Amino acid sequence: MAVSVDLGFVSSMTVLFAPIEDDDMERLIAFKQDCELIHKDLKDHAIQLSTSDLRHFYDMMHFSPLKIHLSFSLYGTAEGQIGEKKRHYSFLSLFLESIGVVLADIHDVIFKLGYFERRYAFCSQSQLTAEIKRHYIQQALKQLYVLVLGLDVLGNPFGIIRGLASGLGDLFYEPFQGVIQGPEEFVEGLALGVQSLLGNVLGGVTGAVSRITGTLGKTLATLTLDDEFQKKRREALYRPPSGITEGLVRGGTSLVMGLFDGLTGIVTHPFEGAKQEGLGGLLKGLGKGVLGVVARPVGGIVDLASSSFDGIQRVADMSDEIYPLRPARFIQSDGVIRPYVFREAEGNYALKNAGKETYAADHYLGHVYVSGDGLNIFLGTDKRVMYLSKGEILGQWSTQWTYTWNLLLEPPSITVEGIRVVLKERQKRWFGSSVIGKTISFLEKDKKYAESFIERLKAAMTASIPLIN
């Protein structure tokens with residue numbers, strides 16, 4: 001059984017089981033119920049109490065052993081909480097984040113709880129519940145060392161021990177299985193056993209270093225006091241790198257962006273704070289900028305080390321990561337499931353991958369290929385047009401530029417040079433130059449599709465103009 005818990009879930013559960021505050025109406029109802037008990041016979045009340053907790057005979061009760069894979073994250077939000085519940089969540093979040101260096105994230109810690117069994121026993125429901133609770137609490141307390149040794153801040157030494165045990169088991173088991181079948185299978189089994197042992201040892205060590213540096217990087221990100229920066233960092237590190245190359249690229253990107261954001265934050269944070277909150281926001285922004293100029297570059301260096309070691313661990317694990325063979329089916333706004341069209345699925349995936357939450361409300365209409373390798377596309381939705389590019393190494397889509405319908409002078413059209421996008425006002429660019437529109441060339445084979453695509457864009461813009469105006 002796998003259990004993944006975050007801070008938002010813990011806060012919601014504490015609020016759920018928190019004692020209910022009595023109001024005047026509930027007290028009045030409880031008082032009336034007590035008054036009604038006065039008029040009842042004491043004999044009836046005694047009979048009711050004696051029959052409320054009957055004892056039952058259990059010939060055989062057996063709960064099988066439990067194996068729980070536990071993961072915990074300090075991130076997460078408890079939505080929909082107001083008033084006292086919201087203040088309770090804020091206090092819990094502040095408390096856990098303040099000890100984040102000690103109470104770090106936990107990934108895949110295994111708890112093994114023994115079985116519970118009762119034979120030929122008389123007990124009431126309350127007695128049985130108490131015994132079950134006491135049994136599993138004792139089992140959990142006996143394995144607290146697993147929780148401590150599984151902390152990321154310590155490098156998850158329990159995971160290293162578990163990996164080493166698995167490698168030693170394969171070193172014995174694989175050759176033993178092979179020798180039963182023949183000499184060649186014995187050699188092959190021996191090679192697999194040695195490979196598993198080395199992979200588990202190397203993967204465990206590099207994984208420990210990666211977790212320690214990752215925890216340090218998370219702490220430095222918290223010190224920046226920038227929620228948007230922390231969110232982007234979590235999104236960037238959500239999917240582990242597939243190899244050393246991807247790990248180095250991710251780490252290098254984090255380092256460069258940390259240096260850039262740290263230096264520019266000295267100016268941008270005070271300006272944004274003053275714009276939103278006046279003098280108080282200016283002082284807050286200045287504090288964020290000063291902290292960021294130190295924490296962000298150092299955090300970028302730590303993330304570089306963490307991503308690199310994470311990539312080495314992925315290679316050492318020698319496990320093939322499962323990827324989908326094709327993008328998910330695109331379902332149009334009417335909800336009708338139609339035959340699979342790869343172009344629609346690919347375009348919708350590019351839109352969601354590039355926009356994350358930004359384009360969540362946009363409905364994909366179509367796209368044309370700008371380059372033959374498929375790494376650059378011109379895409380349209382019911383709210384905007386955009387130019388997307390796909391990274392060759394990480395495979396992530398990014399937005400080069402985008403214009404909503406209210407910025408366009410007229411709907412996009414096809415010319416001899418390509419698709420023409422005309423803006424209402426000139427857009428300033430670097431070094432003082434400006435642009436009044438865009439011309440996007442597309443592949444000749446997409447010409448027929450482009451014509452129908454442009455018609456859909458015209459219809460979408462025409463339908464949205466009254467709403468915009």
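Here the structure is a predicted model, which means the values were calculated and not measured.
Considering all non-hydrogen atoms of both residues, M386 and L388 come closest at SD-CD2, 3.7 Å. Closest of all the heavy-atom pairs between L379 and G347 is CD1-O, 3.4 Å. The shortest heavy-atom contact between K383 and D362 is CD-OD1, 3.5 Å. The nearest pair of heavy atoms linking L190 to P175 is CA-CG, 3.6 Å. Shortest non-hydrogen contact noted between Y340 and P327 is OH-O, 2.9 Å. Nearest approach of W397 to N353, heavy atoms of both residues: N-OD1, 2.8 Å.
For an aromatic pair to be called close, the ring centres must be under 6.0 Å apart, and F57 with F122 satisfies this.
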Would H367 and F453 count as a ring-ring contact (aromatic ring centres under 6.0 Å, His included) here? Give the steps. CA-CA 7 Å; H367 72 277; F453 171 48; 7.8 Å; no
What verdict does the side chain to side chain contact (heavy atoms under 4.5 Å, CB included) test give for F176 and I180, after you've listed the backbone C-alpha separation in whole Å, the side-chain angles of each residue and the deciding distance to 0.1 Å? CA-CA 7 Å; F176 179 77; I180 298 176; 4.0 Å; yes
Are T399 and Y387 close enough, and set up right, to give a side chain to side chain contact (heavy atoms under 4.5 Å, CB included), and what steps lead you there? CA-CA 6 Å; T399 306; Y387 189 97; over 6 Å; no
Run the side chain to side chain contact (heavy atoms under 4.5 Å, CB included) test on R343 and Y369 for me, step by step, so that the C-alpha distance in whole Å, both residues' side-chain angles and the decisive distance to 0.1 Å come before the verdict. CA-CA 10 Å; R343 188 190 198 104; Y369 297 101; 3.7 Å; yes
Residue pair E117, M60: steps toward the side chain to side chain contact (heavy atoms under 4.5 Å, CB included) verdict: CA-CA 8 Å; E117 184 177 275; M60 172 66 175; 3.5 Å; yes
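Proximity of a side-chain donor or acceptor of T402 to a complementary backbone N or O of V385 within less than 3.5 Å is detected. Without hydrogens or angle criteria, R456 side chain to L365 main chain gives a donor-acceptor distance under 3.5 Å. Side chain of Q139 to main chain of G114: a donor-acceptor pair is present (N/O by atom type, distance under 3.5 Å, no hydrogens or angles). With hydrogens and angles ignored, the 3.5 Å screen pairs no side-chain donor or acceptor of H135 with any backbone N or O of A130. Here the side chain of Q127 pairs a donor or acceptor atom with the backbone of S124 at under 3.5 angstrom.
For the atom pair L28 CG and Q33 CD, the distance stands at 10.5 Å (nearest 0.5 Å). We find the NZ-OH distance between K352 and Y359 to be 11.0 Å, quoted to the nearest 0.5 Å. Atoms CZ and CD, from R338 and Q332 in turn, are 4.5 Å apart once rounded to the nearest 0.5 Å. Interatomic distance, OG of S398 versus NZ of K390, reported as 11.5 Å (0.5 Å rounding). Between atom CD of residue E344 and atom CD1 of residue I331 there is a gap of 11.0 Å, rounded to the nearest 0.5 Å. With values rounded to the nearest 0.5 angstrom, Y364 atom OH is found 14.0 Å from S333 atom OG.
Scanning for side chain to side chain contact (heavy atoms under 4.5 Å, CB included) contacts around Q138 gives R134, with sequence neighbours left out. Residues satisfying the salt bridge (charged side-chain N to carboxylate O under 4.0 Å, His left out) criterion with D382, sequence neighbours excluded, are absent altogether.
Between the side chains of Y136 and E131, not a single donor N or O lies within less than 3.5 Å of an accepting N or O.
Within a 6.0 Å radius of OH in Y58, other residues, nucleotides and ligands contribute more than 12 heavy atoms. Annotation for L141: atom CG counts as buried by contact number, over 12 foreign heavy atoms lying within 6.0 Å.
Two residues are said to be in side-chain contact when any heavy atoms from C-beta on lie closer than 4.5 Å; S64 and Y115 fail this criterion. A 4.5 Å side-chain heavy-atom check between M61 and L128 finds at least one atom pair inside the cut-off. K112 places none of its side-chain heavy atoms less than 4.5 Å from the side chain of L66.
Ionic pairing of R119 and D59 is not present here: no N-O contact between side-chain nitrogen and carboxylate oxygen is shorter than 4.0 angstrom.
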